[in-house]
Amino acid sequence: MYRTHTCGALRMEHVGNRVTLTGWVQRIRELGGMTFITLRDRYGITQLVFDEHAPKAVTDLLPELGREFIIRVSGQVRERSSKNPAMPTGDIEVSPDEMEVVNRSELPPFLIENETDGGEELRMRYRYLDLRRQVLRDNMMLRHRMAQEIRTYLDQHAFVEVETPFLIKSTPEGARDFVVPSRMNPGEFYALPQSPQTFKQLLMIGGYDRYFQIVRCFRDEDLRADRQPEFTQLDCEMAFVDQEDVLNTFEGLAKHLFQVVAHYDYQDRFPRITYDDAIGLYGTDKPDLRFGMKIADITREVQGQGFKVFDQAEYIGGICAQGCADYSRKQLDQLTEFVQRPQVGAKGLVYVKYNSDGSFKSSVDKFFDPDRFQQWARLMNAQPGDLMLILAGAREQTLSALGMLRLEMGSRLGLRDPEKFAPAWIVDFPLFEWDPDQQRYTAMHHPFTSPKDEDVGLIDKDPANMRANAYDFVINGVEIGGGSVRIHTREMQEKMFEALGISKSEAQEQFGFLLNAFRYGAPPHGGIAFGFDRWCAVMGGSDSIRDYIAFPKNNAGRDLMINSPAPISKEQLRELQIKLANGSDTG
RNA sequence: GGUCCGGUAGUUCAGUUUGGUUAGAAUGCCGGCCUGUCACGCCGGAGGUCGCGAGUUCGAGUCUCGUCCGGACCGCCA
């Protein structure tokens, strides 16, 4: 027998028991006459003590041991004479009278400790060693818990888990597809799904009125720190529902997960913010609501006073940074540099210090008198001691820059507490987005999204102002999920394709199966898909989804551990009837 | 497709601005001492293709060009 207990199990109540443990050697501490070894497994760490009670056969083995050796020990559980309150097993230790080296280990290339010395690349190459660290293990456990709780909750709410195919068909809309050649159908290719979108709609038409799936999705686009070429979605769809039904159902799920996974009690209804309000008040469609600092539109109040920058701007807005009136020249310069970075894109920054004595000091004192500043302060909700930060320019870019400045100030002021969760629904998204490159409208969410009933009439004359029955779920400024109530009539879907500039024949070729299905009594339906990796990361208080994926890829889409992608053999290429453009036959 | 940052001991990094004696630190590793450690402590030691290739120079970790690898971002990602 390898073990009677795990390395996280033993407590005071086990004192006196004879136990057997097997685990990895975490650390060896020799003190001359005695030796301590900490033994680790998935469940925890237990201290072993080797002193004068240990048989010679056991102590003789000690010099051979090293980090990450697997050893099996048997012995008495003892109460420690000096306890370690920082360890769950810190009250006890095991005094082995038998020991066996189960497997030796080479010295690992980095320290397998909570504070590792390993760099990103090395840890990716030896991911199986990194996974031994408690940090990663906790993340994997959180992910596991999330998945289990999702299944439990949705099962209780009559959802059916159905798997959909991975080898499907490439579609022109959306992201670039990963493609798989078909040996049996030379010259033809499958595509891997970007999401099970059409299949879940077909399941609704198939009568499975509540579906979910925790499913891998694939997008062949350039990556970022928080983007992977394959990622996991919690994909859901419901029939005979309207938007409110969907939101309420998944608000319930989110609350359940907050409670059970993060032990975070969120009683209130999640705020629902329209897309227009989100943009106008936070400068983004995924606002971080852990703090206020709303953007105030002060365009009307500041124009016509002879300050050219303001007078020529389409939009002027500001935020109030509480208690920052004492910012130094240097700090203000830093903020100016921040907003001028290309990603933020503002021309400059106007500041107004509302000093604690009630006076004002600003970068535009020449143009405005204190009464004006008083008025601005009212609009921005500024009190004495606060700092008003103002940007001017084209409305959309300026709001976006203000949104980024708001996040920056939130971070500086410590208002973005990773222990806190601020969820929100963003609703009433526009139906279309104008694509200046292609000179046509594209679907903001996707082409199966239904318009608001009252906006349907606009489809021919003013598509830009049509709103969709589409919604996003946001936590702490991170987009966690999004969905919509779908179109369920063939007529509306055809109109939609027409508005998107997709011809009848193209539509028939790409989505004929869905259009055909709409002929046979398609129920009204809607759904939502969550970025599961991201949701796990947010629940764990982290920005990095890589830390919540057991075997992630790097920013070039490579797996540094197995070194993929890799060339395939001549033989494989021949079977697939594929010739490489560069003429080489690889291998 | 583009921009930026990095590559020096097993590992994490300093040294590159201003080219010049034997390339340093911490940690890990090895040896010695140590009976209550838990990031144990103390003493000693080993450990380097300065990513790779070319060039400039009397002389290159340091300057130039190329290249490979890693990271961040823009475009892209409904």
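First the proteins, then the strands, lettered A, B, ... as listed; each starts at 1. Note that the structure is predicted; figures quoted are calculated from it, not measured.
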Rounding to an integer number of angstrom, what distance separates [N] and [M] when you compare their [atom1] atoms?
N	M	atom1	value
B/U27	B/A23	P	22 Å
B/G41	B/C50	P	33 Å
B/C13	B/A9	P	11 Å
B/C30	B/U67	P	43 Å

Protein-nucleotide distance ([X], atom [atom1]; [N], atom [atom2]), rounded to Å:
X	N	atom1	atom2	value
A/E433	B/C76	CD	P	10 Å
A/Q26	B/U37	CD	P	19 Å
A/Q47	B/C40	CD	P	11 Å
A/Q194	B/C76	CD	P	16 Å

Is the phosphate of [N] approached by [X] (side-chain N or O, under 4.0 Å from OP1 or OP2)?
X	N	value
A/R227	B/C74	no
A/N554	B/G71	yes
A/R224	B/C74	yes
A/R29	B/U37	no

Categorize [X] for me: base, sugar-phosphate, or nothing, with a 4.0 angstrom heavy-atom threshold over every strand shown.
X	value
A/L122	sugar-phosphate
A/T116	nothing
A/D220	nothing

When you check the gap from the basic side-chain N to the acidic O, do A/E479 and A/K286 get nearer than 4.0 Å? no
Select from A/A225 and A/G174 the residue whose nearest nucleotide in RNA chain B is closer to the 5' end of that strand.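 Nearer the 5' end of the strand: A/A225.
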Looking at RNA chain B, which of residues 68-86 of chain A put a heavy atom within less than 4.0 Å of it? A/R78, A/R80, A/S81, A/S82, A/K83, A/N84
Let's test this: given Watson-Crick or G-U wobble pairing with both distances under 3.5 Å, identify the partner of B/U64. B/A54
Within the sub-3.5 Å range, which N or O atoms of nucleotides 23-30 of chain B have a protein N or O partner, and how far apart are they?
from, atom 1, to, atom 2, distance (Å)
B/G28, O3', A/R67, NE, 3.4
B/G28, O3', A/R67, NH2, 3.3
B/C29, OP1, A/R67, NE, 2.9

Which of these nucleotides, B/C73, B/U37, B/C77, is closest to any side-chain atom of A/E221? B/C77
Mark yes or no for a side-chain to base donor-acceptor pair under 3.5 Å between A/E30 and B/U37, with no hydrogen or angle criteria applied. no
When only distance counts, do a donor and an acceptor, one from the side chain of A/D222 and one from the base of B/G75, lie under 3.5 Å apart? yes
Under 5.5 Å and under 30°: A/F110 stacked on B/U11: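 Ring-base stacking flag not set for A/F110 and B/U11.
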